[in-house]
2 protein chains.
Amino acid sequence: MRVWRVGELAEATGLTVRTLHHYDAIGLLRPSARTASGYRLYGEADIERLQRIRSLRALGLSLEEIRECLGRPGGSLAEVIGLHIGRLREEIEQKTRLLGRLERMAARLEADGGVSAEEFLETLEAMTMVEKYFTAEQLERIRQQGERVGSARIKEVEAEWPVLIAEVKAEMEKGTDPLSEPVLALARRWKGLVEEFTGGDHGIAAGVRELYRNEPAAREWAGFDPAVWEYIGRAMRALG
Amino acid sequence: MRVWRVGELAEATGLTVRTLHHYDAIGLLRPSARTASGYRLYGEADIERLQRIRSLRALGLSLEEIRECLGRPGGSLAEVIGLHIGRLREEIEQKTRLLGRLERMAARLEADGGVSAEEFLETLEAMTMVEKYFTAEQLERIRQQGERVGSARIKEVEAEWPVLIAEVKAEMEKGTDPLSEPVLALARRWKGLVEEFTGGDHGIAAGVRELYRNEPAAREWAGFDPAVWEYIGRAMRALG
DNA sequence: GCTAAACCCTGACGTTACGTGAGAGTCAAG
DNA sequence: CTTGACTCTCACGTAACGTCAGGGTTTAGC
């Protein structure tokens, strides 16, 4: 029956002496013997237990969970493993979403040439702000919609909005009746752009309205004018 | 110029008062003013900074990294983001591998009916042990090979090995010449099984030999007999 | 038998991003 | 003047060890 001292065991397993001390301290793996002078002595049973600990650790379980599994094996283990699988899935999913966002931002950062840190941070804030107003499904739909229409078309639309708003404003300032044909035509274009973005989803449209109501920064960015909004709103309602 | 007290700011942003205290303590976000009695007063510039902190935090950056980004913006930000993307990728990849392993184990645990915790832990140890003897690429190839032949065939092979070993042992004990046709036939079957597993990869075969050399547990599990090994080895060398 | 190197021991603090009190001061309303 | 809501500053706890510090133990070489 060979025995090992901490250093030997540490070297054999690739762990550190400190780690073995720690496992001892928290009662996860106590050496089955000590020398008269207090040196830890690990026996073969200890090594076996350490193997299991290492295996479970490699699965990402916490030391506490490992203690539970080894303490009362049986149902406990399967249960803990199931739980852990769930946690892992969720974590992976979340990090993957995050990575996607980061990569898209990095791509845009390079595509637009030297985007300044200022702009980057602003985009970042915009994304954070926007995400408060939509559910996860809505955000996903928005993303899919964006992919479907393509980035070229998105740039077109981004350029088209200020033009359209200016045209509406011009009609408004000329005093044109919002229910007249020229303004109704503008309203149809307006509605088309909105639906192209929302994919016809009422929830998304509602989120956008909320966003504009609560976020002055968003209104400023969009060149939002309450008078124009009210004016085109009347024409839109006439469209039904 | 409105100012906010901690509680107000906390409620407005969804953070906790403690978090704001913490950001103050580590110098990440110091309120730009205090009342005579020491109450923190956050101004609009503070809020803007907090927005950025939240955005970067949502990307998974550490507070230390955030401080760096906001401290000297410019190259630093892109650099940190790039680094973070790399870390995320690696982490996701690793966790995905882990999840795959766990799911396969869980599946086997259910497929084999009531697999005991004992067996589960043994499989786990085996996996941990085995992984020391192969590189990541080799493990990947082994996995692919396993998928290619299918679990049914694997079970067949697992059942075939002891039979084959027993036949070899019988010939050996009868004193048959290892270079005689019956033993050469057995050697061909042996070689076939090995190549089915290794996919003809010499590195993998070498890893298996190393494993058997160093791990008594593996030898025991496989019913490894040095005499049989030597006997069939001679026949195999005769095959070329 | 002696000494130096290598090994071991037990504290105890540091790490991350806060959570969770404790004890005490501040402020507005009734 | 009290009461309740709000704020302040400590200060300890979290997970899994890393990293000293200060002091015994064992072993190899002389």
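First the proteins, then the strands, lettered A, B, ... as listed; each starts at 1.
Across the interface with DNA chain C, nearest-nucleotide mapping of B:Arg57 and B:Ala36 shows B:Arg57 to be the residue nearer the 5′ end.
Put simply, the side chain of A:Arg40 never gets that close to the backbone of A:Ser32: no donor and acceptor are under 3.5 Å apart. Of the possible donor and acceptor atoms, one in the side chain of B:Gln145 sits under 3.5 Å from a partner among the backbone N and O of B:Glu196. A distance-only check finds no donor-acceptor pair linking the side chain of A:Arg153 to the backbone of A:Val157 [under 3.5 Å]. Side-chain atoms of B:Arg219 never come within 3.5 Å of backbone atoms of B:Leu211 as a donor-acceptor pair (strictly under, hydrogens ignored).
Pairs of residues two or more places apart, or lying in two chains, never qualify as ring pair (Phe, Tyr, Trp, His ring centres under 6.0 Å) while including a residue from residues 7-28 of chain B.
Looking at heavy atoms from C-beta onward, B:Ile85 lies out of side-chain contact with B:Leu88 at the 4.5 angstrom threshold.
Shortest non-hydrogen contact noted between A:Arg30 and A:Asp24 is NH2-O, 3.0 Å. A:Asp201 and A:Gln138 get closest at one heavy-atom pair: OD1-NE2, 4.5 Å.
Summarising the local packing, CZ of A:Arg141 is surrounded by 12 or fewer heavy atoms from other residues, nucleotides or ligands at distances under 6.0 Å. Summarising the local packing, CZ of A:Arg148 is surrounded by 12 or fewer heavy atoms from other residues, nucleotides or ligands at distances under 6.0 Å. For A:Glu11, the CD atom is loosely surrounded, since the number of other residues' heavy atoms within 6.0 Å does not exceed 12.
Extent of DNA chain D lying under 4.0 Å from chain A heavy atoms, first and last nucleotide in 5' to 3' order, is D:dA16 to D:dT26.
At least one side-chain nitrogen or oxygen of B:Tyr23 sits closer than 4.0 Å to the OP1 or OP2 atom of C:dC18.
Side chains of A:Glu65 and A:Ser62: a donor on one and an acceptor on the other come within 3.5 Å.
No engagement by A:Thr35 is indicated, since no non-hydrogen atom pair under 4.0 Å with the nucleic acid exists.
Taking every heavy atom of residues 41-56 of chain B and every atom of DNA chain D, no pair lies under 4.0 Å.
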Next on the checklist: Output one letter per nucleotide in nucleotides 2-15 of chain C: B when a protein non-hydrogen atom lies under 4.0 Å from the base, S when only the sugar-phosphate is that close, - when neither is.
Outcome noted: -----BSSB-B---
Checklist outcome for this item: Per-residue pairing states of DNA chain C in dot-bracket (Watson-Crick or G-U under 3.5 Å; . unpaired, | other strand) read ||||||||||||||||||||||||||||||
Scan the side chains in residues 3-10 of chain A for donor-acceptor partners under 3.5 Å anywhere in the protein, sequence neighbours excluded, and list what turns up.
from, atom 1, to, atom 2, distance (Å)
A:Glu8, OE1, A:Arg5, N, 2.8

